[in-house]
2 protein chains.
Amino acid sequence: MQKKVTIYDLAKMLNVSPATVSRSLNDHHSISKKTKERILLAANEAGYRTNKFAANLSKQKSNTIGVVVPKLNSYFMSTVLSGIEKAANDEGYNLIISQSLESEKKEKLNTKTLYDSGVDALMVSLAYETSNYEHFDTFTKKEIPLLFFDRVFTLPNCPTILIDNKLAGFQATEHLISQGCKNLLHISGNLQRNEYAERLQGFKDAMVKNGIPFRTSNLLETDLDPQKIDEVLKHIKKSKNKVDGIFLANDTMAVECIKELKKIGIKIPEEIKIVGFNNDPISEIISPALTTIDYPGYKLGVLAGQSIISHLNGTINLESAGSIILKHKLIIRESTENKLN
Amino acid sequence: MQKKVTIYDLAKMLNVSPATVSRSLNDHHSISKKTKERILLAANEAGYRTNKFAANLSKQKSNTIGVVVPKLNSYFMSTVLSGIEKAANDEGYNLIISQSLESEKKEKLNTKTLYDSGVDALMVSLAYETSNYEHFDTFTKKEIPLLFFDRVFTLPNCPTILIDNKLAGFQATEHLISQGCKNLLHISGNLQRNEYAERLQGFKDAMVKNGIPFRTSNLLETDLDPQKIDEVLKHIKKSKNKVDGIFLANDTMAVECIKELKKIGIKIPEEIKIVGFNNDPISEIISPALTTIDYPGYKLGVLAGQSIISHLNGTINLESAGSIILKHKLIIRESTENKLN
DNA sequence: CTGAAAGCGCTAACAA
DNA sequence: TTGTTAGCGCTTTCAG
């Protein structure tokens with residue numbers, strides 16, 4: 001166990017006041033270059049390391065950003081996190097990451113913990129089931145910057161960052177229609193979450209625009225658990241009009257769906273065309289390769305991180321930032337190709 | 001902006017001492033149930049929230065665990081992190097996560113930052129290029145628990161947690177041999193990292209055991225960047241003896257390899273059989289499905305988290321823990337099937 | 001340019 | 001069972 005050296009120790013060693021040491025260490029302008037250098041040198045030699053608890057306590061600021069995500073272990077989310085971490089690290093911020101595991105209760109708990117931990121800002125992607133948003137009040141009340149990404153909720157003064165899900169849904173659907181699909185099915189996630197609701201809206205819009213009436217049978221709301229792909233299969237089988245085009249709210253589900261459909265002898269894209277969402281690596285690997293929407297996760301992460309930090313630094317006013325919409329892209333692959341049957 | 005309420009405020013309000021408030025809040029046994037309840041109630045009403053900076057400063061403990069990983073955005077690592085987060089969260093610990101992006105320099109920096117942030121413990125999976133380990137000295141010297149997982153380095157009193165890479169490599173290779181492969185190739189990662197060195201050792205051992213001499217041409221050391229799959233292809237093409245079995249150090253690479261080989265008309269598994277590593281979701285999706293080694297990432301994360309926490313709690317002595325070896329599993333799929341040519 | 005000293009809010013040893 | 005009080009180590013205002 002090494003004894004910790006404090007600014008007092010340094011002060012004593014160098015016959016200066018602790019204040020001078022503190023100022024030197026923080027590169028305060030009011031300190032002469034000479035003493036500054038002398039102190040820095042001594043600090044290094046002595047193996048001085050600043051005690052962040054004390055500094056934080058004194059400054060009431062932690063240089064830490066809290067992040068709450070539904071799950072860490074999805075391709076999309078880990079990509080986003082990677083981007084956030086990059087942005088944070090570049091600016092000298094730490095990241096405390098926690099996962100809600102799609103549970104509102106855990107989300108509340110994590111939020112509270114992060115608050116207590118004194119994070120300078122909070123970034124959230126909402127849990128599947130969250131329907132009450134009071135746990136964010138503590139942040140807004142204290143004017144701690146709060147930002148939502150991907151799974152967002154509109155709160156005053158809280159910027160959001162995501163893609164235009166409605167447009168993406170629209171494009172995905174129109175693509176299916178343009179490839180000749182008449183009987184569409186949309187496998188959606190929890191419609192309470194913005195992203196799924198909007199993708200559905202885009203789906204509907206595209207149908208309507210192309211003169212196809214939207215019926216409830218064109219939609220299946222699920223929890224997007226690939227284990228429960230049976231539900232989807234059942235729905236497809238029992239459809240009166242043979243489904244010939246499916247738009248699924250994520251790639252994992254889409255891939256699972258392709259696998260199962262292939263198993264029961266349905267040809268893709270000949271009999272059913274499929275579009276996924278996210279552009280996960282698997283979408284490119286599966287055969288037939290999956291048409292999907294590219295969601296720029298890494299970029300989203302970097303941007304989200306940067307914008308909240310620049311707000312913390314006072315560079316930008318987050319309140320005025322409103323929402324950032326990233327560009328997505330429809331990636332057309334084999335699963336919607338127009339082959340001769 | 002809400003005024004923050006401190007234990008002093010509460011103390012004044014309730015006509016007790018700050019110490020009593022503090023004790024009540026921490027559920028100290030020496031406080032009567034009555035006052036405890038009274039204080040807790042008042043604290044809630046007043047919207048009291050403990051100031052962790054002050055508590056940390058006083059206790060010299062942060063309830064936070066630092067994690068340094070090479071990259072956040074790989075399936076395997078995000079799975080591990082998910083497990084660690086689960087374990088930490090269950091025990092009331094926060095997680096500060098940072099990525100080294102495979103750079104030694106960044107790893108050093110992150111390590112230092114985490115040290116300064118006062119983490120109670122550190123968990124590390126080493127960067128690709130790390131070859132100097134002095135940045136961990138600050139931790140060992142101060143007796144801050146340090147644990148390595150997956151990409152490990154043996155330091156006195158630092159437990160490691162991983163799988164038996166040598167055995168896994170051996171099994172993968174023997175499987176190829178048992179399927180009739182004679183001219184094997186191993187695509188390895190940086191051999192300075194334990195996992196790759198050991199997988200290679202297993203590869204060699206299996207060859208030797210089966211009477212196949214190991215030659216340098218049987219090995220290609222790469223940085224496992226899927227972008228650089230060309231190198232691998234080149235190596236295969238220029239091989240004197242036609243390669244008929246490849247063992248790659250991860251699934252991403254293996255999948256890329258399969259894709260490229262298929263492109264140039266090589267049949268898998270008829271002409272070349274392939275084994276990957278990790279059991280990423282893509283391994284199951286690619287056609288032909290990839291034979292691989294299942295690396296239980298989530299379990300590793302949970303275990304790693306739990307063991308470091310139980311050490312912090314004094315339940316277990318980490319020093320005596322040594323290393324934990326998790327069970328892996330060879331998953332046989334189509335890419336090594338013995339079809340008639 | 002430098003120093004003295006008052007916090008920041010909580011914990012814990014010692015008293016009562 | 002409760003209170004007093006001295007830190008924890010750093011920042012920062014106010015003086016000099």
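Predicted model only: the values in this text are computed from it and were never measured. Each chain gets a letter, A, B and so on, in the order its sequence line appears, and its residues count up from 1.
- Atom NZ of A/K12 is separated from atom P of C/dA4 by 13 Å (rounded to the nearest Å).
- Counting non-hydrogen atoms under 4.0 angstrom, A/Y8 reaches a base of the nucleic acid.
- If you find the closest nucleotide of DNA chain D to A/T50 and to B/K33, the one lying nearer the 5' end belongs to B/K33.
- Regarding B/L57, its CG atom lies at a distance of 11 Å from the P atom of C/dT11, rounded to whole Å.
- No salt bridge links B/D116 with A/K52; every basic N to acidic carboxylate O contact stays at or beyond 4.0 Å.
- The distance between atom CG of B/L25 and atom P of C/dC10, rounded to the nearest whole Å, is 8 Å.
- Atom CZ of A/R38 and atom C1' of C/dT2 are 12 Å apart (whole Å).
- Under the 3.5 Å distance criterion, with hydrogens and angles disregarded, a donor-acceptor pair is assigned to the side chains of A/S17 and A/T20.
- Heavy atoms of A/N56 sit nowhere under 4.0 angstrom from any nucleic acid atom.
- The six-membered or imidazole ring of A/Y133 lies away from that of A/F148, with a centre-to-centre distance of 6.0 Å or more.
- For the pair B/I7 CD1 and C/dG9 P, the computed distance is 10 Å after rounding to whole Å.
- Distance, B/D27 CG to C/dT11 P: 13 Å, rounded to whole Å.
- In this structure, B/Q60 atom CD and D/dG9 atom C1' are separated by 8 Å, rounded to whole Å.
- Listed by residue number, A/A19, A/S22, A/R23 are the residues of residues 13-23 of chain A with a heavy-atom contact under 4.0 Å to DNA chain D.
- When the C1' atom of C/dG3 is taken as reference, atom NE2 of A/H28 falls 14 Å away, rounded to whole Å.
- Side-chain to base pairing of B/S58 with D/dG7: one donor and one acceptor N or O lie within less than 3.5 Å of each other.
- A salt bridge links B/K108 to B/E104: at least one charged side-chain nitrogen sits closer than 4.0 Å to a carboxylate oxygen.
- Within the 4.0 Å cut-off from OP1 or OP2 of D/dC10, at least one side-chain nitrogen or oxygen of A/Y48 is found.
- Out of D/dC10, C/dT11, C/dG9, the shortest distance to the side chain of A/T6 is found at D/dC10.
- For the pair A/D150 (side chain) and A/S125 (backbone), a donor-acceptor distance under 3.5 Å is absent.
- In this structure, A/K105 places its NZ atom where only 12 or fewer heavy-atom neighbours from other residues, nucleotides or ligands lie under 6.0 Å away.
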Original post:
So A/D120 and A/Y93, side-chain hydrogen bond (donor to acceptor under 3.5 Å, both in side chains) or not? Walk me through it.
Top reply: CA-CA 10 Å; A/D120 294 339; A/Y93 277 84; 4.7 Å; no

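- At the heavy-atom level, B/S32 lies under 4.0 Å from the strands shown only through sugar-phosphate atoms.
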